[in-house]
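Below is one structure; the comments refer to it alone.
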Amino acid sequence: MDGKGATCAIVGVWEVLGRRWSLHILKNLSTKEVIRFNELKRSLSGISSTVLSERLLELEREGLVTKKIYPEVPPRVEYTITPQAKELEVIIKELARWANKWKSPEIKLLAAKK
C-alpha cells in the first residue's frame, strides 16, 4: 500500500473512532461478552438513545461491532465487539492512561469530586 492509501485508511478510522461516544461504547462493550442496548445505554451516562443507535450502526458498518436480533416480541438485540475491535482494547487503555497522566490539575480536581 502506498503512503496515500495508508493515509486514507487512517483518516477513515479516525472519522469513526473520533466521533463522540465511539471509544466509550467500545470500552463498555469490551467489558462483557454480549450486551443489550438498554444495558449499554445505562452504562454511558448522558448519551441519548438516538446517538447510541447511530454510533452502534457506524461501528457495525466498520466491522467493529456485531448486532444479533432475536425474533421475539419485543425484539431482543445484543451487541458484541469483533476481534478487530478487541485489539483496540490495548490502545484504549493506553490512551486512558495517557489522558490521566496529562490532565490539568483543575480537571483532576473536578474528576475527584464526582
Side-chain angles (χ1 to χ4, degrees):
M1 180 181 287
D2 63 3
K4 197 173 194 175
T7 301
C8 287
I10 292 169
V11 168
V13 168
W14 281 121
E15 272 189 35
V16 174
L17 295 180
R19 303 220 40 198
R20 186 166 187 200
W21 296 106
S22 292
L23 291 174
H24 293 289
I25 291 167
L26 290 174
K27 180 182 171 290
N28 281 282
L29 281 171
S30 72
T31 63
K32 296 192 172 190
E33 198 167 309
V34 295
I35 191 165
R36 293 180 67 182
F37 184 89
N38 285 327
E39 183 181 359
L40 183 57
K41 186 174 185 297
R42 281 191 298 274
S43 72
L44 298 165
S45 179
I47 193 170
S48 70
S49 294
T50 303
V51 171
L52 179 55
S53 294
E54 289 171 0
R55 292 302 169 272
L56 285 167
L57 183 59
E58 292 166 358
L59 294 167
E60 186 181 7
R61 285 182 182 150
E62 292 298 321
L64 299 173
V65 170
T66 58
K67 173 170 113 175
K68 184 171 183 179
I69 303 170
Y70 293 88
E72 301 172 354
V73 178
R76 177 172 46 120
V77 180
E78 293 179 341
Y79 295 91
T80 48
I81 62 170
T82 63
Q84 295 94 316
K86 196 87 171 137
E87 289 182 21
L88 287 171
E89 285 180 333
V90 174
I91 296 167
I92 292 170
K93 285 178 185 175
E94 190 61 26
L95 186 58
R97 188 194 64 74
W98 177 86
N100 285 327
K101 178 181 178 182
W102 293 103
K103 273 186 189 174
S104 69
E106 296 84 22
I107 294 173
K108 284 183 182 177
L109 188 60
L110 287 173
K113 289 182 180 180
K114 286 187 177 184

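All residue numbers refer to positions in the sequence shown, counting from 1.
- A 4.5 Å side-chain heavy-atom check between Glu89 and Ile92 finds every atom pair outside the cut-off.
- A donor-acceptor contact closer than 3.5 angstrom is absent between the side chains of Thr82 and Thr66.
- Residue Leu44 comes nearest to His24 through the heavy atom pair CD2-CB, 3.7 Å, listed as atom of the first residue, atom of the second, then distance.
- Here the side chain of Ser22 pairs no donor or acceptor atom with the backbone of Gly18 at under 3.5 angstrom.
- Contact annotation: the side chain of Leu26 approaches that of Leu17 to within less than 4.5 Å [non-hydrogen atoms, C-beta and beyond].
- Partner Leu29 forms a side chain to side chain contact (heavy atoms under 4.5 Å, CB included) with one of Val34, Ile35, Thr80, Leu64 and no other, that one being Ile35.
- Proximity of Leu59 to Ile81: side-chain heavy atoms (C-beta onward) are nowhere separated by under 4.5 Å.
- The existence of a salt bridge linking Arg42 and Glu39 is excluded, since no basic side-chain nitrogen approaches an acidic carboxylate oxygen closer than 4.0 Å.
- Listed by first and then second residue, the salt bridge (Lys or Arg N to Asp or Glu O under 4.0 Å) pairs involving residues 62-74 are Glu72-Arg76 (not counting sequence neighbours).
- Looking at Phe37 and Leu56, their side chains come closer than 4.5 Å, going by heavy atoms from C-beta outward.
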### Task
Mind running salt bridge (Lys or Arg N to Asp or Glu O under 4.0 Å) on Arg61 and Glu58 for me, showing each step along the way?
CA-CA 5 Å; Arg61 285 182 182 150; Glu58 292 166 358; over 6 Å; no
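- Inspection of the Glu78 and Tyr70 side chains reveals an N or O donor paired with an N or O acceptor under 3.5 Å.
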